[in-house]
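What follows is one structure encoded as structure tokens, with my remarks underneath.
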Amino acid sequence: MTGDLAQRQPIILDCDPGHDDALAILLAAAAPSLELLAITTVAGNQTLEKTTLNARRICTVAGIHGVPIAAGADRPLAHEVRVAAEIHGESGLDGPAFGEPQVPLDARQAADLISELSRSVDGLVLVATGPLTNVATVLARDPGLAGRLRRLVLMGGAIGIGNTTPAAEFNIATDAEAARAVFESGLPITMVPLEATHHALATPEVLARIAAIGTPLAAMTVDLLAFFATTYRNVFGFDSPPVHDPCAVAWVIDETQAEFSYGRTVCDVYGVTGRPPNAEVATAVAAERFWDLMIDALASYAGEPSDPPYAAQELG
Ligand code: BDR
Ligand code: CA
């Protein structure tokens, strides 16, 4: 891991691994601009016991040591847990074969660890990629959390159609009472909903790029994504599966590199500021169309490949 410690953004990742949570862990631990202080787990994609084991499995394969993994809520605030075995399998991380995890479980409760770190670390960002039960639990015991965190970045919700009920996305539907408490807490929140994450598709091209890395971790990631692709195809009819959770981590990485507020583009969607519109805003990328355009443009340049320094070439 590289990067200037003094400038790295401290984060906690609260998750329910889960295939895409696994990718969120790998991104959070490797990003030079982030300092991953803890992984906390919650019941969601599978039972708490399984999601916690899965976090330890991923850290073991990736060689992520020294990041505490603490278990949290084993059920939503007001009802029984609803797992997503149809998407993530019986283990919650079906696909690869894992050995015994070498990374230990921290003895602390997730809520205690989050509260403790929010007191000792300035400017902490909490990234939540599972149901919001742990976050709501901390807020209930320690409402001051809302004023101490820099931000909560959560993968969850939908502007429009849900993926668990016609109205609701899985992380919110699993513990809507917790989500309500979190959204009403006064915490600064960035929500990364399905409309955004459905652009982050693990296409066969993406899989080929990952496989080409050639490491055991890359091979495991391909196996994970291959399983995820199968269930997403069977359940939702997607050609390629959307990797939701690392999008929330990626949001923090880009925001961090933008120095938090410098260059922020504030979009007044409902015109509440009364200012005249000064731009049109793209809210999505048609990825295939974009790459067709880009690759066609690159292919239109004439000439043989040249050794560096790259000679200017005439348009063909
Ligand atoms: C969310 O639900 C879970 O199955 C995924 O891990 C992700 O966090 C997407 O709706
Ligand atoms: Ca998740």
Side-chain angles (χ1 to χ4, degrees), residues 11-28 39-48 50-55 57-58 69 71-76 81-95 110 126-136 152-176 178-179 182 189-202 221 224-225 227-238 240-252:
I11 70 166
I12 297 173
L13 179 59
D14 186 62
C15 57
D16 62 335
H19 293 69
D20 49 340
D21 301 83
L23 268 70
I25 292 174
L26 295 174
L27 182 58
I39 298 167
T40 51
T41 57
V42 64
N45 285 324
Q46 261 299 348
T47 62
L48 179 69
K50 292 180 181 176
T51 60
T52 306
L53 174 65
N54 289 341
R57 284 170 157 168
I58 291 299
I69 300 174
D74 63 1
R75 45 170 289 177
V81 67
R82 161 218 316 248
V83 300
E86 72 283 10
I87 299 294
H88 298 274
E90 279 308 316
S91 73
L93 215 47
D94 277 13
L126 178 57
V127 179
T129 62
L132 293 165
T133 321
N134 287 343
V135 186
L152 169 69
V153 181
L154 67 95
M155 187 284 129
I159 300 167
I161 300 165
N163 62 359
T164 297
T165 73
E169 179 279 334
F170 178 80
N171 289 337
I172 306 296
T174 299
D175 196 346
V182 169
I189 295 175
T190 296
M191 179 175 103
V192 182
L194 292 177
E195 284 79 1
T197 64
H198 281 179
H199 294 282
L201 299 172
T221 306
L224 275 177
L225 290 173
F227 181 89
F228 205 38
T230 304
T231 56
Y232 249 89
R233 191 176 305 116
N234 293 344
V235 176
F236 293 114
F238 276 53
S240 301
V243 290
H244 310 277
D245 293 339
C247 296
V249 177
W251 188 93
V252 185

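Counting starts at 1 for both ligands and their atoms, following the listed order. No experiment lies behind these values; they were computed from the predicted model shown.
Heavy-atom proximity to Asn45, at under 4.0 Å, picks out these atoms of ligand 1: 3 (C), 4 (O), 5 (C), 6 (O). Numbered from 1 in the order shown, with element, the atoms of ligand 1 that lie under 4.0 Å from a heavy atom of Glu169 read 1 (C), 2 (O), 9 (C), 10 (O). Taking every heavy atom of Asn171 and a limit of under 4.0 angstrom, the matching atoms of ligand 1 come to 1 (C), 2 (O), 7 (C), 8 (O). Counting the atoms of ligand 1 from 1 in the order shown, those under 4.0 Å from a heavy atom of Asp245 are 5 (C), 6 (O), 7 (C), 8 (O). Heavy-atom proximity to Asp20, at under 4.0 Å, picks out these atoms of ligand 1: 5 (C), 6 (O), 7 (C), 8 (O).
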Worked verdict on Thr129 versus Asp21 for side-chain hydrogen bond (donor to acceptor under 3.5 Å, both in side chains):
CA-CA 7 Å; Thr129 62; Asp21 301 83; 2.8 Å; yes
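Note: Glu169 CD to Leu154 CG = 9.0 Å, rounded to the nearest 0.5 Å. Interatomic distance, OG1 of Thr164 versus CD1 of Ile87, reported as 8.5 Å (0.5 Å rounding). With rounding to the nearest 0.5 Å, the separation of OG1 in Thr133 from CG in Asp175 is 3.5 Å.
Here the angle centred on the Ca ion (ligand 2), running from OD1 of Asp16 over to O of Thr129, is 90°, rounded to 10°.
Side-chain rings of Phe227 and His88 stay apart, their centers remaining 6.0 Å or farther from each other.
At the shortest separation from atom 2 (O) of ligand 1 among protein heavy atoms lies Phe170 CD2, 3.4 Å.
For the pair His88 and ligand 1, a heavy-atom separation below 4.0 Å is found. Within the structure, the closest approach of Ile87 to ligand 1 does not fall below 4.0 Å when heavy atoms are considered.
Side-chain atoms of Glu90 and Lys50, non-hydrogen and from C-beta on, do get closer than 4.5 Å to each other. Side-chain contact check for Leu13 versus Thr40: every heavy-atom pair is 4.5 Å or farther apart. Using a 4.5 Å heavy-atom cutoff, the side chains of Asp16 and Pro131 are in contact.
Contact annotation: Asp245 places an N, O or S atom under 3.0 Å from the Ca ion (ligand 2).
Considering backbone and side-chain N/O of Thr129, one or more are found under 3.5 Å from N/O of ligand 1.
Contacts with ligand 1 closer than 4.0 Å are made by side-chain heavy atoms of Asn163 only, the backbone lying farther away.
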